[in-house]
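So you know, we letter chains A, B, ... as the sequences are listed, proteins then strands, and number each from 1.
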There are 2 protein chains.
Amino acid sequence: MAKAQSNVDRIHDRLRHMAADFEFKPDERINESTLATQLDASRTPIREALNRLVAEGYLTFQSGRGFFCRSLSPKRILDLYEARAAIECEAVRRSIERASDADIMAVVEHLDETEPAYDKIDDPVELLAMDEDFHVRLAKLSGNDELVRMLENLNGRIRYVRLINLKNLRSDRPVTIGEDANLSVHRTILSALSDRDVSRAIRATRNHIERRREEATEAVRIAYSQLYVPAD
Amino acid sequence: MAKAQSNVDRIHDRLRHMAADFEFKPDERINESTLATQLDASRTPIREALNRLVAEGYLTFQSGRGFFCRSLSPKRILDLYEARAAIECEAVRRSIERASDADIMAVVEHLDETEPAYDKIDDPVELLAMDEDFHVRLAKLSGNDELVRMLENLNGRIRYVRLINLKNLRSDRPVTIGEDANLSVHRTILSALSDRDVSRAIRATRNHIERRREEATEAVRIAYSQLYVPAD
DNA sequence: GAATCATAAATTGTATACAGTAACATATTC
DNA sequence: GAATATGTTACTGTATACAATTTATGATTC
């Protein structure tokens, strides 16, 4: 996604992260002037970026009242995970139809290369980025740009709660997320893909996402408590 | 979708239609000043709306060069239809889990009411609107707002080629779109839903959409010829 | 005549000003 | 003291101006 970034793109990126990480409080009205001075720009490009974020589902907009951060609810997280399952399963289905063996092998090799790192990496942010990267690569095998696009949008919006979830797991047990639970599932999906076994591949994908969903719904509660604790 | 419309919302709506109907030529650069005078507004709100349309996938944006109409290709239509299948099948799956009998019956009754009109209505625009309306109602049974949101976006972007397709069918045979091909499938989906028969419901949905897809891909070719014929 | 460069025109990118409106605080009435 | 009215503040919505950049035009060279 690295491209010739205009200023609006930069602001858009920055604001998207702020929205995803809930640097705005849920349902809070977003003050454009404050943002403008914070990001060292005028209100015009800020508003352009905010409008994009509305279309992307990060924010809402009310005529005459301005932009608002969308609230975070267990229901919405559930919705997003279901949408993700829909997109990824369709991607898998189409990958089996269309992806070449070579393309599939490339993803397998990428997994081989990155898998060892899972155990070493401590930073949840990096860990999550790797996981998202895998899923996007998987989706790209479908050759369907729209599915990829939608998945990237969903990833961005789910990221925050996944992060909360990862950080929490981490405090319980030392390094449990990378291995069996997650990675073997990734391999399962890929091997089913290689075998062109539609039902097995889809079942694996759906199970994988649904399991994550349950964790995420739990994470929302935790997220809420974190959001409203004043950082003193 | 009727809400308190601000000026930007109005412009956004208007521009979305213009983009969907390819009043801009594919890959053509969009002149902001011209639009501003056309829509009787300044460039500021126009640009805000254009930015939303970029996020919605209708337009592209290049730093320093401005906004462009996305090109229409058989490949992209295929992608959009696949995405639609993904979304609608997931919606059906969840509807079976969660929708009440009463809610399903409400959609059946709505179909009962509107079905007779299919034969009478001549206007392809209206016909298409009715079809989209049915599919959105179906999706809403899932209770998943994100799926509905995504479906509405896809509908908007597919609309033009579907319209071309409808107009073409119409010139061949008199009134063939409403009946067996389409409506009975709608009923099939609903009856499978009522029976809580997942595999039958999903199969019906997927078949329905895939059939439409084939027509649409063909329609792209026709659309192209229409787009580039100068209206003299 | 094609290619290259210089100049002019058009267009985008952003700051800013100001009008209109909503939110807030204060005063007034019962 | 609660509720309503009123004035003030703060913020949004949009037009406009201007700088920066790109595109178009024309001149010049080979």
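Heavy atoms from other residues, nucleotides or ligands lying under 6.0 Å from CZ of B:R98 number more than 12.
Below 30°, between 30° and 60°, or above 60°: for A:H186 and A:H135 the angle between ring planes is above 60°, a perpendicular geometry.
No donor-acceptor contact under 3.5 angstrom links the side chains of B:R162 and B:N165, judged on distance only. Side-chain contact annotation: B:N153 with B:E56, donor-acceptor N/O pair under 3.5 Å absent.
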Readout for nucleotides 11-17 of chain D: B = base within 4.0 Å of protein heavy atom, S = sugar-phosphate only, - = neither; 5' to 3' it is SBBBBB-

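Atom CG of A:L35 is separated from atom C1' of C:dT14 by 16 Å (rounded to the nearest Å).
Ring pair A:F68/A:F61: centre-to-centre distance not below 6.0 Å.
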